[in-house]
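Notes for the one structure printed next.
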Protein chains: 2
Amino acid sequence: MARVLTPRAEDFPRWYQDLIAKAELADNGPVRGTMVIRPTAYAIWERMQADMDARIKVTGAENAYFPLFIPESYLKREAQHVEGFSPELAVVTHGGGKPLAEPIVVRPTSETVIGEFMAKWVDSYRDLPLLLNQWANVVRWELRPRLFLRTSEFLWQEGHTAHATEADAKDYTLRIHHEVYERHMRELLAIPVVVGRKTDRERFAGATSTYTLEAMMGDGKALQMGTSHELGQNFAKAFDITYSSSTGSREHAWTTSWGTSTRMVGGLIMCHGDDNGLRIPPLLAPTQVLVTVVKETDGSVTSAARTVYEDLLAVGVRAKLDDRVDTPFGRRAVDAELKGIPLRVEVGPRDLANGQVVLVRRTDGSKTPLALAELVGAATAALEQDQKALYDSALEFRESRTADVSTLDDALAAAATGWARLPWSAVGVEGEARANAEAVTVRCL
Amino acid sequence: MARVLTPRAEDFPRWYQDLIAKAELADNGPVRGTMVIRPTAYAIWERMQADMDARIKVTGAENAYFPLFIPESYLKREAQHVEGFSPELAVVTHGGGKPLAEPIVVRPTSETVIGEFMAKWVDSYRDLPLLLNQWANVVRWELRPRLFLRTSEFLWQEGHTAHATEADAKDYTLRIHHEVYERHMRELLAIPVVVGRKTDRERFAGATSTYTLEAMMGDGKALQMGTSHELGQNFAKAFDITYSSSTGSREHAWTTSWGTSTRMVGGLIMCHGDDNGLRIPPLLAPTQVLVTVVKETDGSVTSAARTVYEDLLAVGVRAKLDDRVDTPFGRRAVDAELKGIPLRVEVGPRDLANGQVVLVRRTDGSKTPLALAELVGAATAALEQDQKALYDSALEFRESRTADVSTLDDALAAAATGWARLPWSAVGVEGEARANAEAVTVRCL
Ligand SMILES: [Zn+2]
Ligand SMILES: [Zn+2]
């Protein structure tokens, strides 16, 4: 088969770009840094959203929607924070055909507006905890865009909660971090994440603790898949989020915030993709099994393929029928590989004459001839096994690229090809500064 | 009970505004014309979205996501169209801390970008039909904003499709209009819509046919709940969307577009709301039954209420338990009424002593004492009846406010309190102009 993608070992960033184009996942938008998410990738994002959203709701949070536009003055309130965003802002200066009296910022996050409204909505301890989440687009001007990983506009969820006590805020942050984010990534995305705290240097401005989930990509580098923050009373003080306690005193609330974004799609590609394309974990895959008519003779092949397809649907498998026999079979097979569909069932006239079809697994590339009667059972078993296989192989890869070391020098050497694990006491604040100077970051405590 | 809302008959727009504030549905955002959709209303919108999205997918359309930002030059391409939007645009002139070389427009619709990409993605007749849908926020500068009905930013879905033939484009438009929009509105929202075509005067710029769904609000006025357009080859010619036919000739595609928005939430409020608040049709309601602990004595009331709540969940009813006994019962009851929760079950110590609870129906305000064992059956029956009852009463109201007339003069008189139905031959293009001059529109053919 002709080489479709640049091999990962040759040029990883190029492989990533090739894959996104050839698998029809996304395109660059007409404004630099923006992205068109094509149906193949959007369906993956929708399933991520649905799973994450259900888990968020279990924790008691409710979804709301805050405006895209924020008065520029709002971003001056929380000064420490804004300095981090200022060069990243897109500013609207004209509306309704006229210059605006006050410029408007396109939200880089809804934090400031949500803070403003939390202050209005919280009055008594009875109003706490206030648990809000939002799914929305945000804009942060990006000079070196990369599809899904760094785009000027991206889609995300941002959660913001207010609590009566520090302990409650901490418990909730950890619950989101472990029960929502970690489990979503491990169980649905099949990505083994390392979960921990950020150093003071890497912590989110204004947070008292920042928790992170770090995943190893196919090039041995780390990608931050999500973060959760305890904001102490800093945020509540900046926005005047106060409540009257049961004893009548006026107290500042304790707040948290937490977010994940379309960057997870980039992480999925770079964690599970191989030289033939994407590999989507079966639980996540919008299409789990593609039933392909290899070629048609008298109509009987398509009819047999349709029966297989319907049998799969009947047991709850997300199957799709590919009967586009006017497109060459080879091209359709390569396309399904590129797009990472977990299983293909090839239905062709020769095999059918023997009562057989071929089951092709994307995870390991194996092709197994099967009697028609065995197909559904074999497919459902393969889906379950391959979900685990993808997780296990990502974990094995990570371990093979993680060196246990005891000195900073050894850690910096190991970081050239992967990760290093060592005691924080061997690094310290000075060691972290030295590592940063060599473009190595301390990701997770 | 004290009057909570301005009565509809006294001042309908004021009632609408009161209801939105008191039921905690939405707030004005800090930038004029923008809106904060609070959890109570956002949960309604999410359920509208889920139902509509599933219906759209059944027609074969796939979701995608196109960028928020559009180069200003894009909007000059389809000149006829742009003239309609120009004063409505929000324009970004600064990004990354610097003035931009070319101004960027915040999308008033994604039509132009989608046209651009359709032209890239469509090459052969095999690529057709191309059926795309997008859920997104859009911005159209609004000088006289009204929450949900006219806001500068709103949430919507916009569908755009390309077909090989005019007949296919027409069939698909009508399928979306009837099977998706009309059924969504009738079956889920319980709103009896009048479905038909727009006059040439009211037709969307660039469309060859515009189909509309019109609903009568509680003040006798019409609200357009959604539109679908056949665009002929106009749009394909503007964007160069061509395909090679099976005989090898190069042809322009036939395109359609169709959209519905958060305006439907406004329509829902104005169609079903009464002087006590919102009434949400049971199938749509995020919470169908609120099980309320009237007051607690020794813990036994809450425990009985919890059993009722769990019994309802067990049969698939979306129930919620209200055990906030430190908030006065009356206030909680008014709140549930305002928010339009279809059923309340009042669990109080006195009724419980007789083995009873009280079922309160939002639709007609009736209160029925029931033996505990009868509750679940009675509640599920009431949910089913009240879905129908809301539809029937909206239909009855509409009929009572619609006059069958034969002259334009009689129609204009009828329009003062409701709708008029008359032959188009009695109106005509000149009659329509005269009606418009008196602020009466011809809504639907
Ligand atoms: Zn902040
Ligand atoms: Zn147009």
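Predicted, not measured: the structure shown is a model, and the values here were computed from it. Values reported hereafter were calculated over all heavy atoms of this structure, with side chains retained and with hydrogens, waters and symmetry mates removed. Letters A, B, ... are given to chains in the order of the sequence lines, protein chains preceding strands, and every chain is numbered from 1.
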Item to check | Flag, side chain of A:Glu153 to backbone of B:Leu68, donor-acceptor distance under 3.5 Å | outcome: yes
Checklist outcome for this item: In this structure, CH2 of A:Trp135 is separated from OH of B:Tyr42 (nearest 0.5 Å) by 10.0 Å
Next on the checklist: For the interface with chain A, which of B:Leu155, B:Thr34, B:Asn137 has the highest count of heavy-atom pairs at distances below 4.5 Å?
Outcome noted: B:Asn137
Next on the checklist: Report which part of B:Glu46 has an atom under 4.5 Å of a heavy atom belonging to chain A: side chain, backbone, both, or neither.
Outcome noted: side chain
Item to check | Max heavy-atom pair count under 4.5 Å with chain B, selected residue of A:Ser110, A:Ala26, A:Gly96 | outcome: A:Gly96
Next on the checklist: Which one wins on heavy-atom pair count under 4.5 Å against chain B: A:Gly97, A:Pro67, A:Ser152, A:Pro103?
Outcome noted: A:Pro67
Item to check | Whether over 12 other heavy atoms sit under 6.0 Å from A:Lys57 NZ | outcome: yes
Checklist entry - For the atom pair CZ (A:Arg38) and CG (B:Asn63), what is the distance rounded to the nearest 0.5 Å? => result 15.0 Å
Checklist outcome for this item: Between A:Val36 and B:Trp121, the two heavy atoms sitting closest are CG1-CH2, 3.9 Å
Next on the checklist: Heavy-atom cut-off 4.5 Å, strictly under: side chain, backbone, both or neither for B:Trp45 against chain A?
Outcome noted: neither
Checklist entry - What is the minimum heavy-atom distance between A:Tyr74 and B:Pro30, and which atoms define it? => result OH-CB, 3.2 Å
Checklist entry - Relative to chain A, which segment of B:Asp326 carries a heavy atom at a distance below 4.5 Å: side chain, backbone, both, or neither? => result both
Checklist entry - Can we say B:Glu102 and A:Arg32 salt-bridge, meaning some charged N sits less than 4.0 Å from an Asp/Glu carboxylate O? => result no
Item to check | Top contributor to chain A contacts, counting heavy-atom pairs under 4.5 Å, from B:Val113, B:Val106, B:Leu143 | outcome: B:Val106
Checklist entry - Where is the tightest heavy-atom contact between B:Ile104 and A:Trp141, given as atom of each residue plus distance? => result CD1-CH2, 3.7 Å
Checklist entry - Take atom NZ in B:Lys320; do more than 12 heavy atoms of anything else shown fall under 6.0 Å from it? => result no
Checklist outcome for this item: Max heavy-atom pairs within cutoff under 4.5 Å with chain A, candidates B:Pro71, B:Ala41, B:Gly29, goes to B:Pro71
Checklist entry - Which pair of non-hydrogen atoms, one from A:Asn28 and one from B:Phe117, has the smallest distance, and what is that distance? => result O-CZ, 3.5 Å
Item to check | A:Val31 versus B:Ile70, closest heavy-atom pair with distance | outcome: CG2-C, 4.0 Å
Checklist outcome for this item: Scored by heavy-atom pairs under 4.5 Å with chain A, the best of B:Val91, B:Asp27, B:Val139, B:Thr40 is B:Val91
